[in-house]
Asker: 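Below is the structure I would like to discuss, written out as structure tokens.
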Amino acid sequence: MFKKIFDIFPPPKFLDIPYAGISISDDFVHCVKFTKKNDSVLIEKFAERPISPGVVTSGEINKKEEIIEILKALKNDLNLTYVKVSLPEEKAYLFTAKIPLVEKGDVVSAIESKIEENVPVSPEELIYDYKLIDHREKDHLDVVVSTIPNAVIDLYIDVVSGAGLSLLSLEIESQAVARAVVSKKTAGTVLVVNFQKEKFGMYVVSDTIVRFTSTLSFQGEVSSNLDLISQEIKKLYTYWHTLKENVDKDEKVIKQIIVCGGGFNEDVVSYFTSKNEAVVSMGNVWVNSFDINKVVPPISFVDSLRFSSAIGLALPNEVLI
């Protein structure tokens with residue numbers, strides 16, 4: 001419906017700002033920029049830049065100047081101006097809550113009371129966003145709330161502005177990754193497992209909305225920690241299915257596990273397949289971008305999995321409608 005409206009009444013050019021998605025992890029900065037051609041979305045630019053050990057630790061930027069220099073180089077090399085940037089999952093708090101049926105103007109107050117109950121940080125020190133969930137219940141509203149400390153926001157704003165880039169938005173990593181690898185047509189519940197250097201994130205995505213996240217560390221390579229990782233996936237699987245609101249609801253059953261990120265191979269997927277009831281597959285980061293049977297991306301399939309967050313950030317809004 002919205003696509004038809006935009007075709008008839010296209011947004012003004014000043015609202016159609018070209019931008020890139022930039023993901024900052026502990027070991028890499030990834031950047032992707034799409035372009036539109038003949039109603040299709042294509043990759044215009046992309047880059048991967050290594051980060052020296054210790055510069056970023058668990059999402060905490062310890063050496064601002066080094067990240068600023070990397071972003072400056074990307075700005076010059078790729079001719080970037082506007083960007084959307086990921087925020088570290090470890091610094092965020094995400095929870096689902098029930099709030100009373102209130103007037104639209106009272107939703108924020110109801111949510112803020114839930115933040116005090118679920119987040120060990122004062123609401124005054126946080127920035128939060130929320131999404132109301134459509135359901136059949138008549139006595140309450142379900143809401144998914146994402147919060148992150150102001151100090152983290154300020155730090156990421158500083159490094160982006162310090163590089164001379166114009167920031168359009170900040171988004172928590174799990175939400176960006178899910179936007180890239182979970183098809184917008186998916187109606188059920190999936191688990192996304194996102195590998196990075198010596199850690200992995202687990203994101204439960206239901207009806208394309210991230211409902212639960214957990215990030216855990218390990219030492220060494222992914223292949224040396226398969227038992228540990230598999231046990232943690234099983235723990236999350238059990239926890240999710242024993243939640244009162246998920247019991248006996250087929251749409252809340254995790255039927256698919258999508259693996260993305262870096263540092264693993266197809267043997268890891270085979271191992272998880274043998275240990276889980278759900279179908280396990282390598283992520284397709286282009287599932288919401290273009291048909292890989294018709295378009296050959298300039299990034300190899302294995303390498304593209306490391307760009308999941310940047311791709312999710314870079315996707316044009318109208319592609320997601």
Side-chain angles (χ1 to χ4, degrees), residues 1-25 29-48 71 74-75 77-87 129 131 144 146 156-157 160 163 165-187 190 192 194 203 205 207-210 258 260-261 283-301 303-321:
M1 179 182 70
F2 285 104
K3 185 179 186 305
K4 292 180 181 178
I5 293 172
F6 290 148
D7 287 342
I8 299 171
F9 303 106
K13 284 296 182 183
F14 71 87
L15 293 178
D16 191 19
I17 298 173
Y19 58 85
I22 292 180
S23 172
I24 302 172
S25 66
V29 173
H30 290 101
C31 179
V32 173
K33 185 178 180 183
F34 288 104
T35 187
K36 289 175 284 186
K37 184 177 180 181
N38 298 328
D39 294 327
S40 297
V41 176
L42 302 172
I43 300 172
E44 181 182 353
K45 302 170 182 177
F46 70 95
E48 179 181 69
L71 295 181
L74 281 174
K75 178 181 185 293
D77 294 346
L78 302 183
N79 191 27
L80 304 178
T81 302
Y82 298 99
V83 295
K84 295 185 177 183
V85 178
S86 67
L87 291 168
D129 195 7
K131 184 166 291 188
V144 177
S146 303
Y156 276 73
I157 290 175
V160 174
L165 293 164
S166 296
L167 182 64
L168 292 181
S169 68
L170 292 163
E171 186 165 15
I172 297 171
E173 181 181 26
S174 59
Q175 296 166 342
V177 171
R179 186 180 296 114
V181 301
V182 179
S183 170
K184 60 187 176 182
K185 299 176 182 178
T186 300
V190 303
V192 177
N194 179 34
Y203 319 139
V205 185
D207 293 331
T208 70
I209 300 173
V210 179
I258 299 174
C260 62
N284 173 12
V285 298
W286 314 117
V287 68
N288 293 317
S289 309
F290 46 74
D291 185 348
I292 57 175
N293 294 313
K294 298 178 180 178
V295 177
V296 179
I299 310 174
S300 72
F301 178 78
D303 290 343
S304 72
L305 296 171
R306 299 196 302 271
F307 284 79
S308 302
S309 181
I311 290 167
L313 292 163
L315 278 171
N317 290 331
E318 63 268 25
V319 172
L320 303 172
I321 293 175

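Position 1 is the first residue of the sequence; numbering continues from there. In what follows, every heavy atom counts, from backbone to side chain, and hydrogens, waters and symmetry copies are set aside.
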Asker: Do the side chain of Asp207 and the main chain of Ile209 share a donor and acceptor less than 3.5 angstrom apart?
Answerer: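 Checked: no pair found.
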Asker: Testing the basics here: between Val182 and Val192, what is the closest heavy-atom pair and its distance to 0.1 Å?
Answerer: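 So the minimum-distance heavy-atom pair works out to CG2-CG2, 3.8 Å.
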Asker: Do the side chains of Asn79 and Lys45 get nearer than 4.5 Å, heavy atoms only?
Answerer: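 They are in side-chain contact.
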Asker: Between atom CG of Leu170 and atom CG of Asp129, what is the distance when rounded to the nearest 0.5 Å?
Answerer: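 Here the rounded value is 11.5 Å.
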Asker: Which heavy-atom pair separates Glu44 from Thr35 by the least distance, and what is that distance?
Answerer: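 Residues Glu44 and Thr35, closest heavy atoms: OE1-CB, 3.6 Å.
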Asker: Are Ile22 and Val29 close enough that some pair of their side-chain heavy atoms sits under 4.5 Å apart?
Answerer: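 Touching, per the 4.5 Å side-chain cut-off.
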Asker: Enter the distance from Ile172:CD1 to Ser86:OG here, rounded to the nearest 0.5 Å.
Answerer: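 Going from CD1 on Ile172 over to OG on Ser86, the span is 10.5 Å.
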Asker: Work out which heavy atom in Tyr19 is nearest to a heavy atom in Lys33; give both atom names and the distance.
Answerer: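 Nearest pair, atom of Tyr19 first, then Lys33: O-CG, 3.5 Å.
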Asker: Tell me the closest heavy-atom pair linking Ala314 and Val32, and the distance in Å.
Answerer: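 In this case the closest contact between Ala314 and Val32 is CB-O, 3.3 Å.
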Asker: Tell me, do Phe34 and Ile43 make a side-chain contact under 4.5 Å, heavy atoms counted?
Answerer: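 Side chain of Phe34 against side chain of Ile43, heavy atoms only: contact under 4.5 Å found.
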Asker: Just wondering, more than 12 heavy atoms not from Tyr82 lying within 6.0 Å of its OH?
Answerer: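 Result for OH/Tyr82: open.
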Asker: Would you give the length of the straight line joining atom CD1 of Ile292 to atom CH2 of Trp286, rounded to the nearest 0.5 angstrom?
Answerer: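 Taking CD1 in Ile292 and CH2 in Trp286, the distance rounds to 10.0 Å.
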Asker: Checking side chain to side chain contact (heavy atoms under 4.5 Å, CB included) against Leu315, which of Lys184, Arg179, Lys84 comes through?
Answerer: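 It is Arg179; the other options fail the test.
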Asker: Would you give the length of the straight line joining atom CD of Glu173 to atom OG of Ser25, rounded to the nearest 0.5 angstrom?
Answerer: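 Output value for this atom pair is 7.5 Å.
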Asker: Heavy atoms only: give me the nearest Asn288-Ser183 pair and the separation to one decimal.
Answerer: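 Looking at all heavy atoms of both residues, the closest pair is OD1-CA, 3.5 Å.
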Asker: Please report the interatomic distance CG(Leu71) to CG(Leu80), rounded to the nearest 0.5 Å.
Answerer: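 The CG atom of Leu71 sits 9.5 Å away from the CG atom of Leu80.
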Asker: What are the two closest heavy atoms between Ile311 and Ala180, and how far apart are they?
Answerer: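 It is CG2-CB, 4.1 Å.
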Asker: With rounding to the nearest 0.5 angstrom, report the CG to CD1 distance, Leu305 to Ile258.
Answerer: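 So the CG of Leu305 and the CD1 of Ile258 are separated by 11.0 Å.
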